[in-house]
Amino acid sequence: MKIMACLKSLHVRHLKYVFISLFVLSSFAHAQSNLTIVITEGMSNARPIAIVPFKWTGETVLPESLSDVIASNLQRSGKFSPVKMVDMPQFPTNDAEVDYAAWANKGVDTIVTGSIEPTANGSFIVNFQLIDILRAQLTGGSTKTMVNNQIVEVADHIVLNQKSEITEGEFRQHAHIISDRIYENLTGEKGAFLTRIAYVVVRDRETEALPYQLAISDYDGANEIRLLSSPEPLMSPTWSPDGNKLAYVSFESGKPQIFVQNIYTTERTRITDYPGINSSPAFSPDGNKMAMVLSKDGNPEIYVMDLQSKRLERITRNRAIDTEPEWTPDGKSIVYTSERGGKPQIYQVNLSTKRSKRLTFDGEMNLGASITPDNSHLVVVNRTQGDYHIARQHRASGDMLVLTKTFLDESPSIAPNGSMIIYSTLHEGKQVLSLVSLDGRFKALLPATEGQVKAPSWSPFLL
Amino acid sequence: MLTNNKFRTLLIALAATSLMACQTGPSDSELEAEKNAQAEAAQEQAQQEQARAEAERVRVEAAKAEQMQRAQEMAEEMKNELVNQNVIYFDFDRSTIKSDFASVLRKHAEYLVKNPSQVVVIEGHADQRGTPEYNIALGERRGKAVENFFLTEGVSASQLSVVSFGEEKPAVMGASEYAMAQNRRAVVVYQ
C-alpha cells in the first residue's frame with residue numbers, strides 16, 4: 001500500500017519529469033524530504049507579490065497547496081517577497097473579485113489568484129491569473145485598443161490567464177510550472193523551478209552497510225529518491241543535457257570507474273575502467289561527448305571521449321595536475337583546474353588547437369570552475385587567506401567577486417537559468433548543501449535530516 | 001630276482017651316492033632356501049636402512065618445518081607489526097614523504113622484497129580542503145609517492161597498486177586541524 005501510494009504520487013502522465021520506479025543496488029528508498037530550504041540572507045529589494053490561496057470547490061483534501069508551493073518558489077528565487085496571508089486585505093479567486101485599491105494601499109503591485117475545480121473523471125481544473133495592480137488602477141480594469149482596425153476592450157492588466165487540467169499526482173509539478181510562468185513574465189528570465197538536483201548522501205560509515213548514496217530530488221529537496229547505494233564512495237554526479245541521465249564516479253569495485261545511468265529506466269553503463277584516476281565526468285552541450293580526467297598515462301590529464309565510438313582524445317599534456325573539466329556553452333572549449341603554475345588555477349583550452357590560457361589570477365587558488373549559461377561569468381571555488389568560498393569572475397573584465405561567507409565551500413553548480421548556485425559547505429560540522437544567488441545577495445541552506453550531503457549538480461530545464 | 005645281499009649292496013651304494021652328493025655340495029632346494037634367506041636378510045637390512053633414512057628424513061623435515069614455521073611466524077609477526085604501522089601523514093597540499101616516515105616505509109619495503117607474493121594496495125587520501133576532484137588527484141600523488149619509495153627500495157611493481165579516495169573516506173570526521181592532519185595520509189593495505 002505504501003509503495004503504491006509512493007508510486008502514484010510520483011506518476012506523471014505527460015511529462016518525463018518524475019517517473020522513476022526501479023532502483024539499483026538499493027531497496028525502495030523514497031524519503032519524503034531529506035532536505036529543506038532555510039533562507040539565511042534575503043534581499044532587501046525583493047519585490048512584494050501576493051499569491052492568494054487558490055479556491056478549491058471540491059470536498060476532498062488536496063494533495064498539495066498550489067499557492068504555498070508557488071509562494072515558496074518565488075521567495076527562494078530571492079527576487080520576490082510573498083505577502084503573508086494575515087497581511088492580505090481580501091481573498092479574491094479571479095480578477096473580477098479583486099479590489100485593486102485595497103492591494104495598492106498595502107504596497108502590493110502584483111497578485112496571483114486561482115481556483116481549483118474537481119472533474120467527473122477525478123482530475124482537476126486549475127485556473128490562475130497574474131494581475132498587475134498598478135496597470136489595473138490606471139485602466140480601471142479595462143482599456144480600449146485597436147485590433148484589426150477595430151476598437152476593442154481589453155483587460156491588459158491581466159498579464160497571465162491560464163487554465164489546465166491536472167491529475168492528483170501533478171500538483172507539485174504544476175505549481176512549479178505556474179511559478180516558472182510567473183517568474184519569467186516578471187523578470188524576463190526563464191524560471192528554474194521545474195528542475196531537479198542530484199547529490200551524494202554519506203551516512204554513518206561505522207553503522208551503515210551502504211553509507212554512500214546517490215540521490216535526486218526536486219530543486220527544493222522535495223521528492224527525494226535514492227538511485228544507488230554503495231559500500232564505497234560515489235562522486236561527481238552530473239546531468240546529461242537532456243536531463244534523462246546522470247554520469248558519476250563509483251568506487252564500488254574498489255577503484256574509480258565512470259558510469260552513466262538513465263534515471264527513468266535505471267539502466268546503467270560503465271563508461272571507463274582505466275588504471276588510476278577515472279574522475280570528473282562532464283557531458284558536452286550536445287550530449288555526444290564526455291570530458292573526463294584519467295591518469296592512465298602517468299598523471300591526471302583531461303580527455304574527451306566520443307560516447308558512440310568510445311574513442312578517447314587527450315586534451316592536456318603536462319606533469320602537473322589537470323582536473324575538473326567543464327564545457328563552454330558553445331562546446332568548443334573546456335575550462336579546467338591546473339596546478340601547472342604552482343597552485344591550482346583555472347585555465348581554458350581550445351579543443352581544436354589544444355592551446356590553453358590561464359583565466360584566474362585572484363586569490364591563492366581557484367578550483368572547480370563552471371560557466372553561466374550565457375557565458376558571461378565563471379563560478380569557482382576561490383581560496384583567499386586560507387578560506388574557501390564560492391566566487392564569480394566576469395569573463396570579459398576578469399573582475400572577481402566572492403559570493404559566500406560559509407566554511408569550506410566546494411562543488412558549485414549553476415541553475416540552468418543562471419540565477420542561482422547550489423554548492424556544498426560545512427555547517428555545524430556537517431556537510432550540507434547551500435544556495436547563493438549569482439549576485440551574492442540571496443543565501444539559503446538546505447539542511448539534511450540525515451547524513452552528510454555533497455557534490456550537488458543542478459539539472460537542465462526539464463520542460 | 002635280487003638276492004638279499006645284492007639288494008643290501010645296492011642300498012648302500014645308493015646311500016653312498018646320495019651321501020657323496022651330500023658331501024660335494026648343497027642340493028638345489030637347499031641353494032634356493034639359502035638364496036631366499038640371504039635375500040630376506042638383505043631385504044631386512046634394506047628395510048632397516050630405509051626406515052633409518054625415513055626417520056632421518058622426517059627428522060630433517062620436522063626441523064625444516066619448524067625452521068620454516070619459525071620464519072613464517074617471524075614474517076607473520078613482522079607483517080602484523082607492519083599492518084599496525086601502515087599509515088603515513090602529509091603536509092597540506094603536499095605529497096613529499098616526510099623523513100619521519102622513511103624508516104617505517106623501509107620496513108614495509110624490506111618485507112615486500114622478502115615476500116614477493118605479498119601484494120599491497122596503497123591508498124591515497126586528502127583532507128576536506130579544496131574540491132573533491134582536485135583531492136582525488138592529490139591523493140593519487142601521495143599514493144604514488146609511497147609507490148615510488150617502494151620501487152626504489154627494490155619492491156617489484158607487480159606487488160604494488162595505488163587507489164586514491166581523495167577526501168571521500170576521512171579517518172577522522174570534522175574540520176579541526178587535528179582531523180585534517182589525520183586525513184592527509186597514505187595507507188599501505190596488505191591484501
Side-chain angles (χ1 to χ4, degrees), chain A residues 200 202 204-206 211-212 232-236 249 251 253-256 275-281 293 295 298-301 320-325 336-339 343-344 364-369 380-381 383 386-388 407-412 423-424 426 429-431 452 454-455, chain B residues 90-96 119-148 151 157-158 160-184 186-187 189-191:
Chain A
V200 172
V202 184
D204 192 338
R205 285 186 287 132
E206 304 281 309
Y212 296 93
E232 294 294 335
L234 296 166
M235 291 182 72
S236 317
V249 175
F251 284 73
S253 65
K255 54 185 182 158
I277 292 173
N278 296 246
S279 79
S280 261
V293 175
S295 66
N299 76 321
E301 302 283 3
I321 291 172
D322 294 317
T323 186
E324 303 180 315
Y336 62 99
T337 308
S338 177
E339 42 118 67
K343 289 284 175 197
E364 298 136 21
M365 296 182 185
N366 287 285
L367 307 110
V380 299
V381 177
R383 179 181 141 119
D387 287 327
Y388 293 82
F407 187 56
L408 285 184
D409 303 341
E410 59 187 30
S411 308
Y423 64 100
S424 165
L426 206 64
K430 260 180 84 175
Q431 275 195 294
Q452 314 261 339
K454 56 202 283 187
Chain B
F90 294 86
D91 286 337
F92 171 68
D93 206 26
R94 290 304 174 106
S95 56
T96 39
V119 171
V120 293
V121 174
I122 305 158
E123 292 181 1
H125 297 269
D127 70 25
Q128 266 182 307
R129 287 177 288 183
T131 56
E133 286 76 15
Y134 179 76
N135 281 331
I136 283 290
L138 186 57
E140 185 183 69
R141 192 184 271 173
R142 285 174 179 158
K144 283 195 166 168
V146 174
E147 184 185 43
N148 285 333
L151 290 173
S158 61
L160 306 171
S161 63
V162 172
V163 176
S164 172
F165 287 101
E167 61 174 85
E168 309 303 315
K169 285 186 154 183
V172 177
M173 296 302 287
S176 64
E177 278 304 323
Y178 168 77
M180 292 203 278
Q182 291 290 303
N183 293 337
R184 290 189 300 268
V187 187
V189 182
Y190 282 72
Q191 299 294 295

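Side chains included, hydrogens not; waters and symmetry mates left out as well; all remaining heavy atoms used. Sequence lines set the chain letters: A, B, ... in the order given, protein chains first and strands last, and positions in each chain run from 1.
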Practice problem: Mind running side chain to side chain contact (heavy atoms under 4.5 Å, CB included) on A/Thr337 and B/Glu133 for me, showing each step along the way? | Solution: CA-CA 10 Å; A/Thr337 308; B/Glu133 286 76 15; over 6 Å; no
Quiz prompt | Working for salt bridge (Lys or Arg N to Asp or Glu O under 4.0 Å), residues A/Arg205 and B/Glu168 | solution = CA-CA 11 Å; A/Arg205 285 186 287 132; B/Glu168 309 303 315; over 6 Å; no
Exercise. Step by step, work out the side chain to side chain contact (heavy atoms under 4.5 Å, CB included) result for B/Val163 and A/Phe251.
Key: CA-CA 10 Å; B/Val163 176; A/Phe251 284 73; 4.2 Å; yes
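Looking at A/Leu426, the atoms closer than 4.5 Å to chain B (heavy atoms on both sides) all sit in the side chain, from C-beta outward. A/Ser236 touches chain B through backbone and side chain together, each having a heavy atom under 4.5 Å away. Within the 4.5 angstrom heavy-atom criterion, no atom of B/Glu123 approaches chain A. Contacts of A/Pro275 with chain B are absent, with no heavy-atom separation under 4.5 Å from either backbone or side chain. Contacts of A/Ile321 with chain B are made by both backbone and side-chain atoms, with heavy-atom separations under 4.5 Å.
What you find for A/Ser295 and B/Glu140 is that their closest heavy atoms are OG-OE2, 2.6 Å. The nearest pair of heavy atoms linking B/Ala175 to A/Phe407 is CB-CE2, 3.8 Å.
Under the side-chain contact (heavy atoms from CB on, under 4.5 Å) test applied with B/Pro132, the options A/Ser424, A/Pro233, A/Ser411 reduce to a single match, A/Ser411.
The OG atom of A/Ser279 sits 11.0 Å away from the CG atom of B/Asn135 when rounded to the nearest 0.5 Å. The CZ atom of B/Arg129 sits 13.0 Å away from atom CG of A/Leu367, with the distance rounded to the nearest 0.5 Å. For the atom pair B/Thr131 OG1 and A/Arg383 CZ, the distance stands at 12.5 Å (nearest 0.5 Å). Between B/Lys169 atom NZ and A/Tyr212 atom OH the span is 5.5 Å, to the nearest 0.5 Å. With values rounded to the nearest 0.5 angstrom, A/Gln431 atom CD is found 7.5 Å from B/Met173 atom CE.
Among B/Leu138, B/Val162, B/Ile136, B/Val121, the residue making the largest number of heavy-atom pairs under 4.5 Å with chain A is B/Ile136. Chain B forms more heavy-atom pairs under 4.5 Å with one residue of A/Met365, A/Glu324, A/Glu232 than with any other, namely A/Glu324. Ranked by non-hydrogen atom pairs under 4.5 Å with chain B, the options A/Ile277, A/Thr323, A/Leu408 are led by A/Ile277.
At a threshold of 4.5 Å between non-hydrogen side-chain atoms, the residues B/Asp93 and A/Lys343 count as touching.
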